[in-house]
> 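Starting off with a structure, shown below.
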Amino acid sequence: MGGKLVFGVAVGVAVAACAVAAVVVGRRVERRSKWKRVLRILEELEAACDTPVKRLRQVVDAMAVEMHAGLASEVIQVYHVYAAVWGHFRCSYWVVLLFCSFSLFRSEKGTFYALDLGGTNFRVLRVHLGGQRSLSLKHDVEMQPIPQNLMTGTREDLFDFIASSLKEFVEKANDPDQLAARRRELGFTFSFPVKQTSASSGALIKWTKGFSIEDMIGRDAAESLQQAIDRIGLDMRVSVLINDTVGTLAVGHYQDPDTVAAVIIGTGTNACYLERTDAIIKCQGIFTTFGRMAINMEWGNFWSSHLPRTTYDVDLDADSPNPNEQGFEKMISDMYLGDIVRRVILKISQESDVFGPASTLLSMPFKLRTPLMAAMHEDSSPELTEVARILEDILEITDIPLKVQKLVVKICDIVTRRAARLAAAGIVGILKKIGRDGTSGIAGGRSRTNIKLKRTVVAIEGGLYTSYTMFREYLHEALVEILGEEIALHVILKPTEDGSGIGAALLAASYSSYDTVSVDNSL
Ligand code: ADP
Ligand code: MG
């Protein structure tokens with residue numbers, strides 16, 4: 001009897017132990033299969049974002065071909081403003097091409113002002129010109145973030161805010177301009193697609209970068225600013241309306257005549273380059289007095305089937321206020337990179353429990369901003385403390401193991417690497433179009449000819465490029481990969497500080513209604 005009981009208990013214990021072991025093993029198997037699923041999502045992301053040099057070259061070619069197509073398309077208007085020439089035309093994706101000649105920088109003296117309305121920040125600048133072309137332009141600048149509510153409010157609210165910041169800036173400082181009694185000249189950098197109608201006027205075509213102020217569409221940006229300036233009683237004249245690429249190219253070219261293009265990689269992305277006037281097919285015979293013209297490409301709207309698109313990009317685009325637009329920008333720029341990463345983390349959290357209980361914050365669009373994503377990507381601490389802190393503070397994801405934190409870093413890396421490499425391909429696309437990529441241009445294919453390599457400078461601006469080291473490094477690496485080391489040696493990416501705003505002041509000086517001294521015809 002006693003033996004039977006002992007036997008029975010032993011069997012019971014063994015069965016229970018087996019059951020526990022089965023549960024433990026089962027859970028382990030389940031965990032492993034969930035982890036496998038997570039890894040599969042990561043692998044799929046990596047494959048979909050892959051940018052081997054072959055693909056990048058296809059993007060380069062597509063960009064150069066589109067640029068050619070743009071130059072052949074219909075010219076809508078040509079403007080003669082002072083001695084410079086402006087005009088624009090429409091093509092498949094370049095919304096507006098704007099010409100301005102930098103050949104007319106005059107030896108203007110005095111103090112000129114600029115307003116730079118980017119996507120995130122707003123800058124007010126004062127630039128002092130001493131009458132001689134100078135490599136270092138003296139300037140004062142004040143920067144502040146654009147209040148979120150003004151991005152989607154009314155036209156008047158936005159411009160009243162800008163005008164009052166300008167007034168404060170002007171009144172606070174001791175204006176060293178001896179000619180201060182005269183009406184001040186203001187250059188306005190307004191970095192949204194505009195239908196330019198003269199050097200100092202242009203109507204907004206559409207908002208980008210998260211702005212949405214309905215009553216502004218079709219309205220003149222410079223006029224809206226001028227009205228707000230008048231309302232506030234400031235004696236200033238908006239004498240030039242440009243976007244950030246044109247301003248950056250103006251400063252770049254002013255300081256280094258080998259500058260052939262300007263690229264913005266900030267909240268949004270865009271580029272501008274100098275084109276031979278005789279290459280602008282529809283303009284032949286019109287611009288004969290100018291060697292080259294600056295063309296605003298609006299490349300944020302570039303699209304090609306060669307761009308590596310993921311389901312996350314498709315969803316981001318569909319949820320955006322401007323679906324099917326700004327496709328290149330949505331893969332590259334600061335406004336979107338953090339959100340792509342958030343979408344991948346969300347997908348993983350829906351398919352597994354590696355991020356713990358569902359976080360509602362993770363479902364909120366744009367909750368993870370790119371600078372924080374960059375901070376996670378660049379976290380070099382062994383315990384990834386910054387990753388843990390940001391996940392907890394921003395997304396309320398807590399207590400996740402190190403291997404899951406590493407997964408987050410890897411997602412950031414994949415998304416940023418693709419963005420940077422595509423931006424590099426865009427830059428080489430421009431170089432190819434203007435014959436500075438070491439090949440014999442579009443028709444010549446890839447063969448290196450005996451083309452003499454010229455020093456080629458691309459001015460570059462924007463917080464994503466200047467503040468995100470890994471992004472910058474990936475971009476440079478891809479540039480060398482695409483061009484080859486020998487050619488890449490001749491291509492210099494030159495960051496300009498506040499170039500987009502300083503360029504507006506410089507062009508305001510050049511378009512000044514006051515006396516002019518001389519003409520520099522270096523182009
Ligand atoms: P914009 O002129 O479009 O307002 P800026 O050139 O002023 O842009 O740069 C601001 C942008 O740079 C913002 O979108 C900001 O999030 C981004 N930024 C700033 N620092 C970093 C960083 N460390 N990593 C990534 N992006 C950054
Ligand atoms: Mg800017």
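Computation of the quantities below employed the complete heavy-atom set of this structure, encompassing side-chain atoms and omitting hydrogens, waters and symmetry-equivalent molecules. For ligands, and for the atoms within them, numbers begin at 1 and follow the listed sequence. This one's a predicted model, so the numbers in the text were calculated from it and none came from an experiment.
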> Report yes or no: is the cationic atom of R343 (NZ for Lys, CZ for Arg) under 6.0 Å from the centre of the six-membered ring of Y312, at an angle within 45° of the ring normal?
no
> Taking Q226 for the side chain and M236 for the main chain, is one N or O donor matched with an acceptor at less than 3.5 Å?
yes
> Would a line drawn from the ring center of H128 to the ring center of F112 be shorter than 6.0 Å?
no
> Counting heavy atoms only, which of T267, D244, D116, L117 is nearest atom 1 (P) of ligand 1?
T267
> Nearest protein heavy atom to atom 24 (N) of ligand 1, by residue and atom, and its distance?
A374 CB, 3.4 Å
> Hey, does G266 come in under 3.5 Å of ligand 1, counting only N/O atoms on both sides?
no
> Answer yes or no: is there an ion pair linking D334 with K209, defined by an N-O contact shorter than 4.0 Å?
no
> How are the rings of H476 and Y465 set to each other: parallel, tilted or perpendicular (split at 30° and 60°)?
tilted
> Does the N or O separation between G463 and ligand 1 drop below 3.5 Å for any pair?
yes
> What do you reckon, are the aromatic ring centroids of F161 and F159 less than 6.0 Å apart?
no
> Could you list which atoms of ligand 1 come closer than 4.0 Å to a heavy atom of G462?
6 (O)
> Tell me: protein heavy atom nearest atom 10 (C) of ligand 1, and distance?
N121 ND2, 3.5 Å
> For the ring pair F328 and W303, is the centre-to-centre distance below 6.0 Å?
no
> Considering only the protein, which heavy-atom contact is closest to atom 14 (O) of ligand 1, and what is its distance?
D334 OD1, 2.8 Å
> So if I count the atoms of ligand 1 from 1 in the order they appear, which ones are less than 4.0 Å from some heavy atom of R123?
2 (O), 7 (O)
> Of all the non-hydrogen atoms in the protein, which one sits nearest to atom 2 (O) of ligand 1, and at what distance?
G118 CA, 3.6 Å
> Please check whether Y468 reaches ligand 1 - meaning an N/O of the residue sits under 3.5 Å from an N/O of the ligand, judged on distance alone.
no
> Could you tell me whether S467 approaches ligand 1 through its side chain, its backbone, both or neither, with non-hydrogen atoms closer than 4.0 Å?
both
> For ligand 1, is any non-hydrogen atom under 4.0 Å from T120's backbone (N, CA, C, O), its side chain (CB onward), both, or neither?
both
> Before giving the answer on side chain to side chain contact (heavy atoms under 4.5 Å, CB included), spell out for I460 and K494 the whole-Å C-alpha distance, their side-chain angles and the decisive distance to 0.1 Å.
CA-CA 6 Å; I460 192 156; K494 219 184 217 184; 5.7 Å; no
